[in-house]
Protein chains: 2
Amino acid sequence: MIDKQSPIPIYHQLEEYIKQLIESGILKPDEAIPSEREYSEQYQISRMTVRQALNNLVNDGYLYRQKGRGTFVNKQKVEQKLQGLTSFTEDMKERGLVPSSRLISFEIIPAEPQLARKLDIKENTPVYEIKRVRMADNLPMALETTCLPANLVKGLTEEIINKSLYQHIEEKLSLTISEATQQIEASIAKETEVNHLQVESGSPVLLIVRTSFLEDGTPFELVKSAYRADRYKFVHTMQRATK
Amino acid sequence: MIDKQSPIPIYHQLEEYIKQLIESGILKPDEAIPSEREYSEQYQISRMTVRQALNNLVNDGYLYRQKGRGTFVNKQKVEQKLQGLTSFTEDMKERGLVPSSRLISFEIIPAEPQLARKLDIKENTPVYEIKRVRMADNLPMALETTCLPANLVKGLTEEIINKSLYQHIEEKLSLTISEATQQIEASIAKETEVNHLQVESGSPVLLIVRTSFLEDGTPFELVKSAYRADRYKFVHTMQRATK
DNA sequence: CAGTGGTCTAGACCACGAA
DNA sequence: TCGTGGTCTAGACCACTGT
């Protein structure tokens, strides 16, 4: 189980081992795991090394500790992997749906004042504007407009955006996507949305405006989406601030 | 600076000290802080203790490390405190609005199957059910139903919920609120919502269902809210997962 | 009381970065 | 080569929990 000769740190081996036991269900929620001293003896490693492994698992939410009692398995967060900043493609796959798109338009336009401000570029700087109907299992899910500064996200083609824009940005352009802020509101479908989403007029839609940032804080993407309210629910987790 | 006789752990004292230097701007972004061995010698404490302090600051995003180079100050996250899990009261205050409430009902009821499942309690366990119209600057903002297990969040009174439920839970009951998952969708106002929110029939509303958890993963709160779409937008930030 | 996690020590060797 | 962070050891004492 633990190989002291391995180049992989011992604490990391122990971490992966315990993680496996939890994810496979061998260790059940609220069940106590062996004490730090037991691990230490069993594998002939220092207690501090055991603690380093357990600390990481506590930070990752796999375990929790209780003074004087022991260390216990946390409830599995089912949605654990749903988390984080994902593209539409990634999002749908996680939901077990097959994503696809119908391209409405794909052009380079000069940035309007409002758009320029949000992307932190000068007015009339060229930006890609991509309008698409996003589908899941071949049913219309959302109407989406994506804007990207052309000098930052270079050489976009229809083929690239049909595969995976995020993958292109991260792997081909070697940029690191860091975070995004989203504004989410409810509205009634406008006429273009009624047409493209194939809903009745008066139907509710979930509007999501996302601004995405690279590691250094540069905004690289503004996405406006209108999701069919009857098919889409936005799910996320948030932490309580430590005061 | 460091008091070895204090009941406060040394690593925590060092942590607070460094945090202060960063927040006050004495240590600037990308500036190197003293090495672990320097701290260790200067304050006559073990290097492992220094590492414990620095580890926590790295996890909290105050510092970053580079092998063979040193430990450096991270850029300040401006929105750091805007983020995270907040109560309606806290949310409105952050938006510069004055929060208030009109109580519709406040009772103890037996948990229905669906509610029991979400709160991870047995069917018919008593729960507090609180229905309120939430106001901002004296205008109706949301219709909200909160359910809390009565044996967990004990001794609730109308006065407490009018002040601050989260403060009561954290300070009086000494429970640690950890995180929440939310489901957000768009809908059309139902009749009760039309009446309480004073909107026209057919108006869109933003539905938010929140389940909140304590540190050990116990759910302690289920909140269903219907926000007026013309007055409320949900804003949040999310991180790209590190693959 | 014994066992647990929380804190702390005083060393050690390693891989890496910079000069 | 020297200083850095990364990993690891073999102990220690404490406060807390359950019996």
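Letters A, B, ... mirror the listed sequences (proteins, then strands); counts begin at 1.
Heavy-atom distances to DNA chain D give each of Ile8(A) and Lys67(A) a nearest nucleotide, and the one nearer the 5′ end belongs to Ile8(A). Mapping Gln66(A) and Pro9(B) onto DNA chain C by nearest heavy atom places Gln66(A) closer to the 5' end of the strand.
Here Lys4(B) reaches the OP1 or OP2 of dT9(C): one of its side-chain N or O atoms lies under 4.0 Å away. For Ser35(B), no side-chain nitrogen or oxygen approaches OP1 or OP2 of dG3(D) to under 4.0 Å. In terms of phosphate contacts, Tyr11(B) brings no side-chain nitrogen or oxygen within less than 4.0 Å of OP1 or OP2 of dC8(C). Applying the 4.0 Å criterion to OP1 and OP2 of dC16(C), one finds that Arg69(B) has every side-chain N and O outside that range.
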Donor-acceptor contacts under 3.5 Å from residues 116-125 of chain B side chains, at least two apart:
from, atom 1, to, atom 2, distance (Å)
Thr125(B), OG1, Lys122(B), N, 3.4
Thr125(B), OG1, Lys122(B), O, 2.5

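Using a 4.0 Å cut-off between charged nitrogen and carboxylate oxygen, Glu16(A) and Lys19(A) count as a salt-bridge pair.
Among dG5(D), dT7(D), dG5(C), the nucleotide with an atom closest to any side-chain atom of Glu36(B) is dG5(D).
Counting heavy atoms of neighbouring residues, nucleotides and ligands inside a 6.0 Å radius, atom CD of Glu159(B) does not exceed 12 of them.
Near DNA chain C, meaning a heavy atom under 4.0 Å from it, residues 39-54 of chain A has Arg47(A), Met48(A), Arg51(A) in order of number.
The line from CZ of Arg51(A) to CG of Leu14(A) is 13.0 Å long, rounded to the nearest 0.5 Å.
Contact of Arg37(A) with dG3(C) (side chain to base): no donor-acceptor pair of N or O atoms is detected under 3.5 Å.
Using a 4.5 Å heavy-atom cutoff, the side chains of Phe234(B) and His236(A) are in contact.
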